[in-house]
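In what follows, a single structure is set out as structure tokens and then discussed.
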Amino acid sequence: MSSLSIERGLYDFKAVIDAPIASYFSSCVHCGLCAEACLFYVETGDPKYTPIRKLEPLRRVWEQEYTIVGKLKKLVGLSKPVTDDELEEWKELLYASCTMCGRCSQVCPVGNDIAYMVRKAREGMVSSGHAPEPLVGAATRAVKIGSPMGVKWPAVQNQIKHVEADTGLKIPIDVQGAEYMPLLSSMEIINFPEYLGALAKIFKQAGITWTIASKAFEATNAGLQIGSSDIERELVVRVVDEAERLGVKFVIGPECGHAFNAIRWDGPELIGRPYKFRVLPARHGRDQLRRHAGCRYPQLVLRRRRRREQHGGVRAPPAQGLRRQAQAAGGGRARAPGDGVRQLPADDRGGPRALQDGDPDRRSHRDDRRAPERGLRRLLEPRQNANDLRRQGGAGGQREMNSYDRTLSR
Amino acid sequence: MDFLLWVRGPAFDVAVAIFLIGVVARLFEILLLGRKPLHSEPKGGEFGNGMAEIFKRSVPLPDIVKRGAVTLVGGYVFHIGLFITIFLFVPHIELINSIFGVRWPGLPNPVVDGVTVVTMVAMVVLLVHRLLQPVKRMLSGFEDYLTWVVTFLPILTGWIAYHRLVNPYPLILGIHILTVELLLIVLPFTKLMHAFTLFLSRWYNGAVYGRRGVQS
Amino acid sequence: MADSTTLGESLRRNGVSRRGFLKFCAATASMMALPPSMIPRIAEALEKARRPSVIWLSFQECTGCTESLTRSHAPTVEGLIFDSISLDYHHTLQVASGEQAEAAREAAMHENMGKYIVVVDGSIPGPGSNPGYSTIAGISNYDMLMDTVKGAAAVVSVGTCAAFGGLPKARPNPSGAVAIQDVVKDKPIVNVPGCPPIPQVITGVLAHYLVFGKLPELDSLKRPLAFYGQSIHDRCYRRPFYDKGLFAENFNDEGARKGWCLYRLGCKGPMTYNACATLKWGLGWSWPVESGHGCLGCSEPDFWDAGGFYQALSIPTSNVTRTAAAAVAAGAVIGVAAGLANKAKKSGAAKKHQTVTVDQLGKG
Amino acid sequence: MSALDNIAVRVESAGNLTRNALPLLHEIRHALARLAESGESTAIDLRSIPFGPGDEADLLAALGTGEVTAQLQALGESRITETSYPGVWVVDHYNADGQRIAFQVEVTPVPQILAAQPADVADGLQRLEAALAELAEPESRPASL
């Protein structure tokens with residue numbers, strides 16, 4: 001077992017470059033439109049946040065290794081190799097400045113899926129030892145303890161007791177042959193135990209058998225967040241093993257976009273076979289969504305930071321409407337299933353995703369005490385009108401952005 | 001005249017050969033990197049959605065229309081103008097007909113002339129924007145300016161040749177053809193390759209979304 | 001032989017009235033493609049003009065140029081021009097032959113040393129090729145040319161063969177033909193290309209020399225600007241159809257009958273500089289485009305090798321389709337080879353991948 | 001000619017389509033204006049204009065025929081016609097074989113070629129005087145030889 005190194009990183013860069021990535025890099029015309037879609041750029045105005053630039057190391061590896069001209073340039077010593085220092089510099093761009101919300105992938109006029117490439121580039125970042133510390137910690141906790149936030153099974157058991165007491169319903173645990181197996185995020189366990197109660201009520205009403213798996217209750221996949229297939233696979237396998245051992249028909253993914261993505265889409269590719277069960281999203285009907293407006297989380301965080309700086313470290317009172325705009329980053333490691341008035345529904349592809357690193361500024365999110373109920377109420381309406389959803393998720397996002405801008409510029 | 005014969009003859013052959021070898025080789029180079037077989041249960045169609053995305057991507061998302069106005073408007077004008085000047089000018093149609101055996105009616109020359117001017121203006125605006133806008137300036141390197149020049153020159157020289165602003169005509173016509181040959185040679189090995197890979201990229205993007213059941 | 005009589009005297013002696021002289025000047029202006037406002041200057045100059053001696057050499061040619069010239073040799077007006085020059089040697093037209101003819105040439109050269117004009121039609125086998133390919137009286141074309149131009153005031157290359165090499169120079173150029181300007185470097189040269197040139201253009205150039213005593217203004221290919229200053233395309237009466245995008249698609253369609261533009265049928269008008277569209281042929285009767293056939297570009301260098309006469313100007317001269325097919329095949333081979341190499345590299349890199357564990361991460 | 005007419009392919013009404021006479025009429029209008037304002041004469045060489053079939057007829061029809069028609073016999077025939085626009089003349093020169101050698105529109109009060117030329121006048125005067133002298137002194141003639 002060797003330690004992480006730039007060589008390992010470069011091998012992984014080479015290994016992850018596939019036909020789509022080669023096509024994406026070949027297609028980029030440096031039009032800069034992805035920047036206009038990236039909240040990190042929009043909020044700071046700093047061009048270094050231009051999404052495609054975040055992939056510069058990966059692009060250079062592609063050019064030098066997989067293109068005719070690049071190989072020739074390398075041969076005559078015209079190309080600049082990707083170095084350890086450079087990757088360290090890019091750590092901020094590939095992690096702290098990207099939520100993989102995918103807005104850039106949606107606006108790119110040539111159709112480049114930039115978020116996909118960011119995910120792939122992180123593989124090399126991890127194996128070259130350039131993953132950020134907080135995510136390393138989260139991944140370590142996820143693998144060693146079972147949850148990125150360090151929530152252990154006894155803590156879950158404890159919450160279950162409370163929920164059972166509150167609702168008078170039994171929460172089934174490790175029931176062989178149950179039909180449904182919901183996954184929980186740490187946030188849901190610790191901050192929003194109502195979620196569990198709501199699930200119990202729904203399943204009771206529906207008369208469906210279900211179970212929580214004591215060895216695979218955690219939905220959050222820190223492997224996806226840090227960008228390591230190996231760790232992601234390890235965490236997925238836990239769920240798959242338990243689900244298949246218990247023989248459930250359905251695993252319910254969480255509201256969190258990352259977590260759902262990991263179990264729903266990445267999982268089968270990581271283990272190299274289809275599941276023996278199906279994965280469902282926590283809420284149906286999102287397939288109807290059109291393009292989503294993107295993750296608002298960084299906007300919030302960045303503006304808050306700026307505000308703090310401007311006020312000499314004293315935190316200014318949040319402008320009215322700020323909370324309203326606090327759209328979910330999709331759960332991730334720090335978010336509840338819903339908070340703001342206009343929770344942006346995640347789509348099945350993953351939707352809004354959590355901020356990977358940096359200052360999640362959790363407290364600000366929890367300022368809104370009503371949020372849990374709102375989130376739950378939504379959850380309890382499993383089939384919303386599709387048009388309604390579209391409005392919220394599509395054009396609604398733009399409207400919000402405008403009203404938000406107005407609020408702040410006042 | 002010797003020059004015109006050279007650019008219409010051997011030089012054109014060489015340019016077309018390099019262009020086609022480059023494009024085909026590049027496409028194989030890209031496609032052969034392959035994609036991993038997928039095991040997750042698909043939620044929607046991959047192929048159809050990918051194909052649809054090729055067209056749908058041409059419509060910009062309302063989110064960035066305002067912020068990216070110069071790029072979008074300039075880009076649209078320039079690309080449509082390029083299409084018209086290349087494919088709807090009668091001498092060009094004849095050229096295509098001689099190689100591929102298909103022809104179609106062209107536009108009246110004064111129309112193409114006007115479009116050419118608009119196209120050039122759009123390109124100059126885009127260049128200035130590239131030089132001034134921080135993101136574009138940061139992203140831009142030698143290749144970006146090179147490709148601008150090799151794209152602009154054929155339009156400019158063609159326009160000059162049409163208006164006979166340089167005499168004798170065979171000279172300027174020859175220069176025009178030579179600049180096109182330059183463009184052909186440069187295209188496969190620069191970002192101009194997006195003229196082809198754009199379809200791949202849009203398809204891949206649309207396919208991923210489609211497979212996951214997301215309408216785009 | 002040249003004499004010291006001026007043209008004005010010569011005309012008056014022939015009983016031509018002043019009105020007739022003015023009419024002659026108008027015709028001369030028109031022939032030289034000069035505007036009517038030049039007529040008084042022409043009259044003034046013609047008064048004083050003296051007859052130059054002209055030696056006409058014919059080399060690798062078809063006599064088409066001479067045929068064309070004789071068509072301009074109509075009695076009276078143009079005739080007067082030729083009455084005013086002294087055509088001392090023209091082996092097709094002169095009565096004398098053999099040694100007598102060559103003696104006439106040499107005599108003209110001696111008498112007018114430094115003042116005579118040499119008109120050449122036809123190309124010559126270049127200095128590097130077999131001189132036996134074309135000889136006159138046992139003298140190679142090259143030797144005769146160089147010998148004759150030695151004492152010339154100017155050289156007029158009549159026809160595309162003399163001006164640019166012409167059909168003898170067409171690929172593969174078996175006789176190693178070259179244009180006159182390729183070998184005559186130290187004399188003023190006027191090229192009057194065309195296959196053949198318009199007769200008025202030939203006489204127009206001579207008239208210009210006669211009237212003004214110097215060569216006309218020339219373009220970069222040494223063609224008189226007065227006749228070759230504008231392209232056929234720019235002076236074509238069918239130009240409006242080109243601009244409107246109305247083209248004949250074949251020689252028997254509606255467009256052809258309506259007299260639409262012949263660009264698509266291979267008209268080389270846009271790249272051809274000549275006066276056909278205005279002077280026309282057959283004393284202004286018609287010209288190729290008016291007769292429904294595209295311009296062949298005969299007054300341009302290498303027109304015979306400039307692609308098919310019936311292919312549009314924008315069409316490449318080589319077989320691009322074949323090149324394209326070969327290039328696609330070659331591209332596929334190169335691309336597959338490069339792609340397979342890439343694939344091998346990629347799977348090699350994937351094999352080198354070592355599983356990342358959180359323990360490693362911690363140490364990272 | 002009837003045999004030629006039987007050939008299916010012929011140019012149909014191309015003159016009406018090309019309308020090259022129109023810009024020329026404008027040019028003549030400007031020349032006429034100059035003549036009216038400053039007395040400046042203009043001559044346009046019609047053989048340097050790219051006429052299509054029918055264009056010449058169009059132009060002449062548009063100009064029409066005016067009050068003066070003159071014929072000149074010098075080195076062949078010349079026809080000088082005033083058009084329906086006074087001051088605009090069509091001057092058409094032919095050689096002895098009836099081939100056109102020059103063809104102009106002149107915008108001028110009287111085409112110069114119509115006026116008797118000073119040299120010819122002088123010559124005429126000489127000849128007239130000689131003729132008169134001959135009439136007056138018929139006997140002296142042989143002596144002068």
Side-chain angles (χ1 to χ4, degrees), chain B residues 1-2 4-34 88-101 103 105-113 161-162 164 167-171 173-174 176-177 188, chain C residues 164 219-221 223 228-231 233-234 242-247 249 261 263-264 266 270-273 297 300-303 305-308 311-343 345-346:
Chain B
M1 190 67 188
D2 282 349
L4 179 61
L5 283 184
W6 180 73
V7 295
R8 284 176 64 203
F12 192 79
D13 259 11
V14 169
V16 166
I18 292 176
F19 170 74
L20 287 174
I21 288 173
V23 168
V24 174
R26 287 290 321 274
L27 288 177
F28 273 108
E29 179 185 86
I30 291 166
L31 289 171
L32 284 180
L33 277 171
L88 297 178
F89 184 51
V90 168
H92 299 164
I93 297 172
E94 283 308 306
L95 167 67
I96 292 160
N97 178 47
S98 77
I99 300 174
F100 300 106
R103 65 179 0 181
L107 281 179
N109 292 344
V111 175
V112 179
D113 179 26
Y162 173 72
R164 294 166 177 265
N167 265 318
Y169 181 72
L171 174 70
L173 180 65
H176 171 60
I177 297 173
Chain C
F164 305 128
D219 71 2
S220 61
L221 292 172
R223 301 177 294 197
Y228 299 89
Q230 281 177 307
S231 72
H233 187 62
D234 288 337
Y242 175 83
D243 289 334
K244 281 182 209 148
L246 297 173
F247 296 91
E249 308 276 335
C261 178
Y263 184 92
R264 290 189 138 179
M271 54 149 255
T272 306
Y273 287 74
E300 293 297 319
D302 300 345
F303 79 92
D305 287 332
Q311 287 186 329
L313 177 59
S314 58
I315 292 175
T317 54
S318 52
N319 188 346
V320 176
T321 312
R322 204 180 53 204
T323 309
V328 168
V333 170
I334 295 170
V336 168
L340 291 178
N342 286 351
K343 220 171 158 52
K345 189 185 278 181
K346 180 175 151 78

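Convention: sequence-line order gives letters A, B, ...; per-chain numbering from 1.
- The nearest pair of heavy atoms linking B/Arg164 to C/Ser231 is NH1-OG, 3.1 Å.
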Give the C-alpha distance, both sets of side-chain angles, the deciding distance and a yes or no for side-chain contact (heavy atoms from CB on, under 4.5 Å) between B/Glu94 and C/Leu313.
CA-CA 9 Å; B/Glu94 283 308 306; C/Leu313 177 59; over 6 Å; no
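- Side chains of C/Asp243 and B/Pro108 form no contact here, defined as non-hydrogen atoms less than 4.5 Å apart.
- Residue B/Arg26: no heavy atom, backbone or side chain, is found under 4.5 Å from chain C.
- Proximity to chain C (any heavy atom under 4.5 Å) is restricted, for B/Leu173, to the side chain, taken from C-beta onward.
- For C/Thr323, the part lying under 4.5 angstrom from a heavy atom of chain B is the side chain only.
- B/Glu29 places none of its side-chain heavy atoms less than 4.5 Å from the side chain of C/Ile334.
- The structure places CD of C/Gln311 at 8.5 Å from CZ of B/Arg8, a figure rounded to the nearest 0.5 Å.
- Side-chain atoms of C/Tyr242 never come within 3.5 Å of backbone atoms of B/Asn109 as a donor-acceptor pair (strictly under, hydrogens ignored).
- For the pair C/Asn342 (side chain) and B/Leu32 (backbone), a donor-acceptor distance under 3.5 Å is absent.
- Looking at every heavy atom in both residues, B/Leu20 comes nearest to C/Ala327 through CB-CB, 3.7 Å.
- The minimum heavy-atom distance linking C/Ala332 with B/Val24 is given by the pair N-CG1, 3.3 Å.
- Proximity to chain C is absent for every atom of B/Phe19, based on heavy atoms less than 4.5 angstrom apart.
- C/Asp219 does not touch chain B: none of its heavy atoms, backbone or side chain, sits under 4.5 Å away.
- Counting only heavy atoms from C-beta outward, the side chains of C/Pro270 and B/Tyr162 never approach each other to under 4.5 Å.
- Counting heavy-atom pairs under 4.5 Å between each of B/Phe89, B/Phe100, B/Phe12 and chain C puts B/Phe12 at the top.
- Using a 4.5 Å cut-off between heavy atoms, C/Phe164 does not touch chain B at all.
- To the nearest 0.5 Å, atoms CZ (C/Arg264) and CG (B/Asn97) are separated by 7.5 Å.
- B/Ile177 CD1 to C/Ser314 OG: the interatomic distance, rounded to the nearest 0.5 Å, is 8.0 Å.
- Taking both residues in full, the closest heavy atoms of B/Phe28 and C/Gly335 are given as CB-C, 3.5 Å, listed atom of the first, atom of the second, then distance.
- Atom CD1 of C/Ile315 sits about 8.5 Å away from atom CD1 of B/Ile99, to the nearest 0.5 Å.
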